[in-house]
Amino acid sequence: MKLLSKSFFARNTEQVARELLGKILVHKNFRGKIVETEAYFGTGDPASHAFKGPTHRSKVMFGPPGRAYVYFTYGMHWMLNVVTETDGKPGAVLIRALESGLNTNGPAKLTKAFGITGKLNGIELTKRGFCILDSKDKPEIASSKRIGVSKDLNRNLRFYIKGNSFVSKNGSRFKVADEATRNKV
DNA sequence: GCCTCGATTGACT
DNA sequence: GTCAATCGAGGCA
């Protein structure tokens, strides 16, 4: 299977977030299918770390695409993102859940299970050992608002594979509410 | 330097 | 449903 190239990531963040679903994340001897993502822009997105310009933490989002943006939060959790857009333009896709043999149905759970830490921040995801493999999967995509953000945009920027049981616990909770709302309408 | 809060999770009532 | 854990980044003085 071929690796996703840099050009795959050098596009609109929302587009990349959608197309990452069904792809295979590889780290060392671990691998898992991406089943849930969220898009984070820069300017104009108050939920993004890049909103107020580049900082020590968020500068990776402003760099070249196809790199990992790994950051630490809540004093105990690592989050894995993939940098998108062209060099100099901020954007990233949060990997929220993987389908694997491990317990990876959550953004902090998958980094723990795969041994992903801040050491990988800024590393290119287009090399063997830490990369994303292409897939011919054409999953049915569903969307909702993002999870756990206090200042979200009025848009659905979370994407997940419809019906997949490996989506995050928080995401499932949200998905139920999302579908309930939809059914009501 | 000091203070607040977070792109979460799991344990507990 | 509610809440503590736990620490670095970012905001402010």
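Protein chains get the first letters and strands the later ones, always in sequence-line order, with residue 1 at the start of each. None of these values were measured; they are calculated from a predicted model.
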Check the distance between C/dA9's C1' and A/Trp78's CH2 and give it to me in whole angstrom.
12 Å

Just how far, in rounded Å, is P of C/dA9 from CG of A/Asn121?
11 Å

When the C1' atoms of B/dG10 and C/dG8 are considered, how many whole Å apart are they?
22 Å

Apply the test side-chain contact (heavy atoms from CB on, under 4.5 Å) to residues A/Tyr160 and A/Ile141: give CA-CA distance (whole Å), side-chain angles for both, the deciding distance (0.1 Å), then the verdict.
CA-CA 6 Å; A/Tyr160 56 94; A/Ile141 299 171; over 6 Å; no

In whole Å, what separates the P atom of C/dG1 from that of B/dA7?
22 Å

May I ask you to say what A/Arg146 touches in the nucleic acid, namely base, sugar-phosphate or nothing, with a heavy-atom cut-off under 4.0 Å?
nothing

Rounded to whole Å, how long is the line connecting atom NZ of A/Lys151 with atom P of C/dG10?
15 Å

Passing option when A/Glu38 is tested against A/Val93, A/Asn81, A/Ile147, A/Leu157 for side-chain contact (heavy atoms from CB on, under 4.5 Å)
A/Ile147

Taking any heavy-atom pair under 4.0 Å as a contact, classify A/Lys109: base, sugar-phosphate, or nothing.
sugar-phosphate

The first and last nucleotides of DNA chain B lying within contact of chain A, meaning any atom under 4.0 Å from one of its heavy atoms, run from B/dG6 to B/dG10

Rounded to whole angstroms, how far apart are OH on A/Tyr69 and C1' on C/dG8?
12 Å

Do the ring centers of A/Phe130 and A/His27 come within less than 6.0 Å of each other?
yes

Using a 4.0 Å heavy-atom cut-off, does A/Ala47 contact any base of the nucleic acid, only the sugar-phosphate backbone, or nothing at all?
base

What is the distance, rounded to the nearest whole Å, between atom CE of A/Met76 and atom P of C/dA9?
16 Å

Using the rule side-chain hydrogen bond (donor to acceptor under 3.5 Å, both in side chains), only one of A/Arg155, A/Lys151, A/Arg146 pairs with A/Asp45; which is it?
A/Arg146

Between C/dG11 (P) and A/His49 (NE2): distance, integer Å:
11 Å

What integer distance in Å separates A/Lys52:NZ from C/dC12:C1'?
12 Å

Should we say atom CZ of A/Arg11 is surrounded by more than 12 heavy atoms from elsewhere, each under 6.0 Å from it?
yes

Between A/Lys145 and A/Asp152, does any side-chain N to carboxylate O distance fall below 4.0 Å?
no

Quick one, A/Ile161 with A/Ile34, criterion side-chain contact (heavy atoms from CB on, under 4.5 Å). Give me CA distance, side-chain angles, the key distance, then yes/no.
CA-CA 9 Å; A/Ile161 296 179; A/Ile34 298 171; over 6 Å; no

Using both distances under 3.5 Å as the test, list the Watson-Crick or G-U wobble partner of C/dC3, or none.
B/dG10

Over all strands shown, is A/His77 touching base, sugar-phosphate only, or nothing at heavy-atom distances under 4.0 angstrom?
base

Write down the distance separating the P atoms in C/dT6 and B/dC2, rounded off to the nearest Å.
22 Å

